[in-house]
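As C-alpha cells, the structure follows; a few thoughts come after it.
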Amino acid sequence: MKLAKYSLIVGVAATAVLAGVAQAKDPRTAAQADDEWNYLMAAVEKGDGLWHNGKLGSNGLACGNCHPDGSATNPHTWPKYQTNLGKVGTLRDMINWCITVGRGSCV
Amino acid sequence: MEKISRRQFLGMSTTMAAGTLFTGTFAPTATSFFGLGGVAEAATKKVSPFTFAILTDAHLYDIADHKFDAFLAKGVADINAMNPLPDFVLYAGDIGQSGKDSELKKGKSILDKLKMKYTVIPGEHDWYLDMGKAWRGYFGDDHWSFDHKGVHFIGMNSILVPDFWTMAGLTPLERMGRMEELECHKCGAWGVGSQQLEWLAKDVKNVSPDTPVVVLTHSPLWDYYPRWNFQTSDAPEIRSILRKFDKVIAIHGHVHQVIYNKLGNISSAGLLSTSWPWPYPPVELPYPTIKMNRVDPGNFEDGLGSHAVALSQDFDGILNYREFAHLLPDNVRRGLKL
Ligand SMILES: [Fe+2]
Ligand SMILES: [Fe+2]
C-alpha cells in the first residue's frame with residue numbers, strides 16, 4: 001500500500017518533469033528540427049519496407065504476411081524457452097530463425 | 001418419426017454442454033410445394049444429401065518449388081482421397097500472392113488435378129495487379145450462382161475497394177503491394193459493390209424462401225475486424241437481401257483461421273488457408289469456444305488444411321476442418337455445426 005502510494009507520487013512527479021521538458025523552448029533551429037523529422041521518417045519508411053517487402057527472407061514472404069500490425073510476436077515475453085529454437089532465445093533469435101529456417105525461408 | 005439413439009442423444013448433449021455449436025433445429029420440409037414459380041431445381045426444402053469440399057488462400061508465389069505449392073497440392077490430394085468423393089470443390093480466393101499471371105496459372109494447374117469440378121471466387125491478392133484481368137482469363141466470372149441437389153449456391157467478389165490509387169499516382173505494382181498488406185491503411189474497406197448487390201437481388205428474386213442457400217465470399221459477411229478487412233462493407237445489404245430465406249450458410253476465406261458467427265438466419269464460418277495462419281485479432285468473439293489453438297511456428301503445416309461440408313436432407317451442415325497438423329481443439333475437430 002505504502003509502496004503503491006510512493007510509486008504513484010513518483011509517477012506524478014515524473015509526468016510533471018516530462019511535461020516541463022515538453023514545454024521548454026525548442027533548442028533546435030527549424031532546419032535541425034526538419035533534419036530530425038526527415039531522419040525519423042526515413043527510418044520509418046525503411047522499417048515499413050523491411051517488414052512488408054519480403055526482402056529479408058529468401059522465399060518472398062515478409063514478416064508482415066503472418067504478423068499484421070506486429071501481432072503474435074509478443075515482444076514482452078522474451079527471452080523464453082522456444083521449442084523450435086531448442087533453447088532459451090531472445091526475440092532477435094526468433095526473428096532470425098523465421099528468416100533463415102522458418103516460414104520465411106526456402107528451406 | 002425418426003428415433004434418436006441414445007448414443008446420438010449423448011453426442012448432442014455433449015455438443016450442447018460444450019456450449020458451442022448447436023444452432024437450433026429447422027422445421028421439416030413437406031409444406032413447400034406452393035409458390036415455386038419457375039425455379040425447378042432449388043425450390044424444395046428437401047436436400048438430397050451430399051458433400052462438397054473447400055480450399056482457400058494458397059498465396060502462391062512466382063518462385064519455383066515454393067513450399068506453398070506443396071501445401072496447395074496437399075489440399076488437392078486430400079480432397080481427391082476423400083471417400084466418397086465430394087460432389088464438387090469451392091475455392092474462396094487468394095490463389096496468388098501478388099496477382100501475377102504466373103501465380104494464377106500455377107494455381108490453376110494444381111487445382112486442375114482435382115478429380116471433380118471446382119468453382120472459384122477472387123481474393124484481393126488475385127486482383128489488384130491488373131484489376132482481375134488475368135484471374136478472369138483463368139477462372140471466369142467473379143460472381144455466379146448454381147443449383148445443386150436442392151441447394152442454391154452463390155459466389156461473390158467481396159474485395160472491391162474504392163479507387164485509392166489514381167489520385168495517389170500509384171503504378172499497378174504499387175497498388176498491388178499496398179493491397180498485399182493486411183493492415184493497409186490507405187486501401188480502405190472493401191465490399192461487393194452496387195452492381196453485384198443488384199445482381200444478387202435479381203438472382204434470388206424467384207428463389208423461394210424455403211430454399212437452402214450457401215453463399216461463398218472471400219471476406220466475412222459481418223464486421224469481424226475491419227482494420228484487417230475482416231469485413232464486407234455492404235454485408236448489411238447482402239444480409240437483408242438474404243433475410244427472406246429460412247436458412248443461409250455463409251462461408252468465407254481471407255481470415256486464415258477457424259471462426260464462426262450466426263446472424264439471424266445466416267450461419268457464417270471462416271476457413272483455414274494452405275499458406276499461413278493468422279492470429280486472432282483483439283476482439284471479443286461471439287462464440288469464444290469455436291477457435292483454433294495457437295500455432296506451432298516450428299511446424300509449417302500447423303494451421304493449414306482443406307475442408308468438407310456435409311449437408312443433410314434438412315439442410316443441417318457440418319463443416320469439417322481437415323487440418324494438416326494438429327491445432328484444432330476437440331469440439332472443432334468433431335465438426336462445426338452450421
Ligand atoms: Fe489470404
Ligand atoms: Fe485475402
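All chains are named by letter (A, B, ...) in the order of the sequence lines, taking the proteins before the strands, and each is independently numbered beginning at 1.
- When each of A:Ser71, A:Ala72, A:Ala62 is checked for heavy-atom pairs under 4.5 Å with chain B, A:Ser71 comes out on top.
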(request) Evaluate side-chain contact (heavy atoms from CB on, under 4.5 Å) for B:His66 paired with A:Leu61, printing each intermediate quantity in order. (result) CA-CA 11 Å; B:His66 195 276; A:Leu61 264 75; 3.8 Å; yes
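- In plain terms, the two heavy atoms of B:Trp228 and A:Asp69 that are nearest each other are NE1-OD2, 2.8 Å.
- By the 6.0 Å contact criterion, CG on B:Leu173 is open, its count of non-hydrogen atoms from other residues, nucleotides or ligands being 12 or less.
- In terms of heavy atoms, B:Gly298 sits closest to A:Asn84 at CA-CB, 3.9 Å.
- In this structure, A:Arg28 places its CZ atom where more than 12 heavy-atom neighbours from other residues, nucleotides or ligands lie under 6.0 Å away.
- The distance from atom NE2 of A:His67 to atom CD of B:Glu183, rounded to the nearest 0.5 Å, is 11.5 Å.
- A pairwise comparison of heavy atoms in A:Gly60 and B:Ile63 identifies N-CD1, 4.0 Å as the closest pair.
- Within a 6.0 Å sphere centred on OH of A:Tyr39, other residues, nucleotides and ligands contribute 12 heavy atoms or fewer.
- The two residues A:Gly102 and B:Lys67 have their closest heavy-atom pair at O-NZ, 3.1 Å.
- There is no contact between B:Tyr280 and chain A, counting heavy-atom distances below 4.5 Å.
- The choice from B:Ser98, B:Pro281, B:Pro279, B:Pro282 that makes the most heavy-atom pairs within less than 4.5 Å of chain A is B:Pro279.
- Distance OG1/A:Thr83 to CG/B:Asn299: 11.5 Å, rounded to 0.5 Å.
- A:Asn65 CG to B:Gln97 CD: the interatomic distance, rounded to the nearest 0.5 Å, is 5.0 Å.
- Applying the 6.0 Å contact sphere to NZ of B:Lys133 captures no more than 12 heavy atoms from other residues, nucleotides or ligands.
- Between the side chain of A:Arg103 and the backbone N or O of B:Phe300 there is at least one donor-acceptor pair closer than 3.5 Å.
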